[in-house]
Amino acid sequence: MTMLAWPYHPDLLARPVPRYTSFPTAAEFAPDVGALALGEALDATSGDISLYLHIPYCQQICWYCGCNTGAANRGARLTSYLEALTREIALVGARLGRRARVRRIAFGGGSPNAISPTQFVRLVDAITLHFTLADPVLSIELDPRTMTPDWAHVLRGVGVTRASLGVQTFAPHLQAAIGRVQPGQVIEEVTDTLRASGITSLNYDLMYGLPGQEWADVEASLARTVALGADRIALFGYAHVPHLLPRQRRIDATALPGQEARFAMAARGYRLLVDAGYRPVGFDHFALPGDSLAQAALSGRLHRNFQGFTEDASPVLVGLGASSISCFPDRLVQNEKNAGRYRMVLSQDRLAGALGVVRGAGDQHLGRVIEQILCQGSAPIGAALASAHATALAPFIARGLVDVDAGHLTVLPGGLPYARSIAAIFDPYRGDGARRFSSAV
Ligand code: SF4
């Protein structure tokens with residue numbers, strides 16, 4: 001058994017911190033960087049790119065969900081959204097011309113399988129028509145509750161090889177407490193179907209810190225996921241922020257585990273998965289040693305983008321759909337978040353960029369430092385940054401969580417659960433009391 005003890009220092013976790021799926025974070029986006037900035041960046045793009053398509057609909061809305069999604073029960077609204085998305089595909093594809101080669105296409109949401117398999121095929125057709133594809137890797141997020149044989153057939157036909165299932169927990173009483181009831185048998189059947197459909201990398205999203213949850217629940221859910229043969233597992237802490245996400249008001253806040261219990265669940269979950277043969281990827285992902293994500297982590301090729309930890313090395317990620325974020329080396333631009341406004345803008349054949357931030361050389365450097373801390377556990381910060389942040393780093397160094405030597409920062413083994421807090425030291429945009437972010441564990 002791997003020995004691993006994470007020291008618990010509540011004072012170092014007290015400050016809410018971003019997840020750093022980008023730097024600067026979306027909290028810094030402003031309307032002065034919108035459609036015009038997006039168009040300029042697309043015009044200047046060439047070479048390898050990745051695409052992300054957002055389907056902001058689900059058949060049922062889970063109470064805990066932090067995604068930009070709505071109920072898919074109004075067919076006309078969904079159809080007109082897909083028309084707008086198809087227009088955007090054509091518009092962005094024309095701006096990029098044949099200069100850009102698409103290496104990856106990710107479908108996320110919401111639940112992409114809230115649309116029909118036929119609608120999905122039409123989207124893939126539109127991408128094939130308007131972009132230059134370079135044998136791209138296709139991935140998709142799926143709601144197990146709405147998987148059908150037709151969907152499985154289409155995934156195989158289109159050549160999707162990676163999928164991610166929203167599971168969270170197998171415990172029926174916890175599923176009821178978070179408004180997502182899906183019998184374990186359904187997950188098992190969907191797993192078999194996806195394997196038979198050619199999915200070679202299958203991820204399961206799980207959660208700790210749910211209302212009424214105890215370690216035994218986390219342990220049982222992880223064990224069942226391992227037994228299903230998960231290639232990847234993401235183990236997230238539930239973030240209860242009902243002031244930002246009103247749908248979370250249905251969750252019984254009085255039953256939520258305290259910070260120390262959450263910390264223990266994360267630590268024991270980490271140990272369980274490492275003992276089961278998984279390689280840790282960053283602070284909350286795990287992958288089998290043969291999986292490309294584990295190999296990227298091992299060889300220092302891991303990156304962080306809006307989808308979390310990734311081996312995607314493309315310098316440009318183009319986001320399509322409402323609320324999607326496009327990421328270029330010198331700027332980040334988010335599309336209209338509201339699906340109605342998004343449809344309206346596309347009906348006028350205009351780019352949907354609405355908010356963003358320009359990244360100067362300083363931000364690009366700090367972004368690399370933050371990404372390296374989170375992905376590699378070490379970063380060459382240089383003497384100037386080490387000295388400027390000596391006071392903030394001191395408590396982490398004093399407790400053996402971080403080492404800074406000759407301008408090089410290393411997160412020591414016990415410091416892993418503090419990685420986001422350590423990274424936040426280098427984020428100049430973080431003031432005190434940022435309620436927009438979640439607990440560091
Ligand atoms: S299925 Fe996923 S995206 Fe949809 S509401 Fe539930 S958690 Fe959110």
Side-chain angles (χ1 to χ4, degrees), residues 19 21 26 52-75 77-78 81-82 85 106-117 119-120 123 139-148 151 155 162-172 174-184 186-187 189-191 193-194 202-211 213 221 225 230 232-242 244-251 256 284-285 306-308 319-325 335 337-339 342 438:
R19 299 193 69 80
T21 53
Y52 171 80
L53 283 87
H54 192 70
I55 310 291
Y57 297 100
C58 295
Q59 292 297 341
Q60 298 166 47
I61 303 298
C62 313
W63 302 346
Y64 60 89
C65 178
C67 298
N68 172 31
T69 191
N73 53 4
R74 286 170 53 192
R77 197 175 53 175
L78 201 148
Y81 177 80
L82 293 176
L85 184 53
F107 296 88
S111 303
N113 60 327
I115 66 175
S116 74
Q119 288 169 322
F120 179 70
L123 279 183
S139 63
I140 190 165
E141 294 171 11
L142 294 168
D143 182 342
R145 299 167 298 179
T146 47
M147 264 301 287
T148 61
W151 258 103
L155 292 179
R162 297 183 181 184
S164 178
L165 294 175
V167 174
Q168 320 315 344
T169 171
F170 282 92
L174 294 177
Q175 292 184 355
I178 58 172
R180 181 172 190 147
V181 174
Q182 47 184 21
V186 169
I187 312 287
E189 287 167 4
V190 168
T191 298
T193 304
L194 291 175
L202 186 52
N203 175 76
Y204 297 70
D205 283 346
L206 296 175
M207 276 193 184
Y208 66 86
L210 298 175
Q213 192 177 32
S221 291
T225 306
R232 302 180 181 186
I233 297 172
L235 179 59
F236 297 120
Y238 167 59
H240 191 63
V241 284
L244 298 177
L245 298 169
R247 61 172 77 117
Q248 291 185 343
R249 290 192 191 126
R250 299 182 73 177
I251 288 182
L256 292 171
D284 55 11
H285 284 53
F306 296 105
Q307 290 149 67
L320 301 162
S323 80
S324 287
I325 298 173
N335 277 354
K337 294 184 203 173
N338 177 281
Y342 169 81
S438 58

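Counting starts at 1 for both ligands and their atoms, following the listed order.
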### Task
Enter the distance from L320:CG to F107:CZ here, rounded to the nearest 0.5 Å.
9.5 Å
## Note on the structure
Separation between CD (Q168) and CD (Q213), nearest 0.5 Å, reads 10.5 Å
### Message
Using heavy atoms and a 4.0 Å limit, tell me yes or no: is Q59 in contact with ligand 1?
### Response
no
### Message
Name the residue from I233, L165, N203, D205 that meets the side chain to side chain contact (heavy atoms under 4.5 Å, CB included) definition with T225.
### Response
I233
### Message
Quick check for you: to the nearest 0.5 Å, what is the distance between K337 atom NZ and N68 atom CG?
### Response
8.5 Å
### Task
Find all atoms of ligand 1 within a distance of less than 4.0 Å from any non-hydrogen atom belonging to R145, and give their numbers and elements.
1 (S)
### Query
Quick one: does R180 get within less than 4.0 Å of ligand 1, heavy atoms only?
yes
### Stepwise side-chain contact (heavy atoms from CB on, under 4.5 Å) test for Y238 and I251
CA-CA 11 Å; Y238 167 59; I251 288 182; 3.5 Å; yes
### Summary
Of all heavy-atom pairs linking V241 and Q248, the shortest is N-OE1, 2.7 Å
### Query
Starting from atom 7 (S) of ligand 1, which protein heavy atom do you reach first, and at what distance in Å?
Y64 OH, 3.3 Å
### Query
Do R180 and R145 pass the side-chain contact (heavy atoms from CB on, under 4.5 Å) test, and can you show the C-alpha distance, the side-chain angles, and the key distance before you say yes or no?
CA-CA 10 Å; R180 181 172 190 147; R145 299 167 298 179; 3.7 Å; yes
### Query
How about atom 4 (Fe) of ligand 1, which protein N, O or S atoms come within less than 2.8 Å?
C58 SG
### Task
Classify the contact between R247 and ligand 1 as side chain, backbone, both or neither, using a heavy-atom distance cut-off of under 4.0 Å.
neither
### Task
May I ask you to decide if the ring planes of Y81 and Y342 are parallel, tilted or perpendicular, using 30° and 60° as cut-offs?
tilted
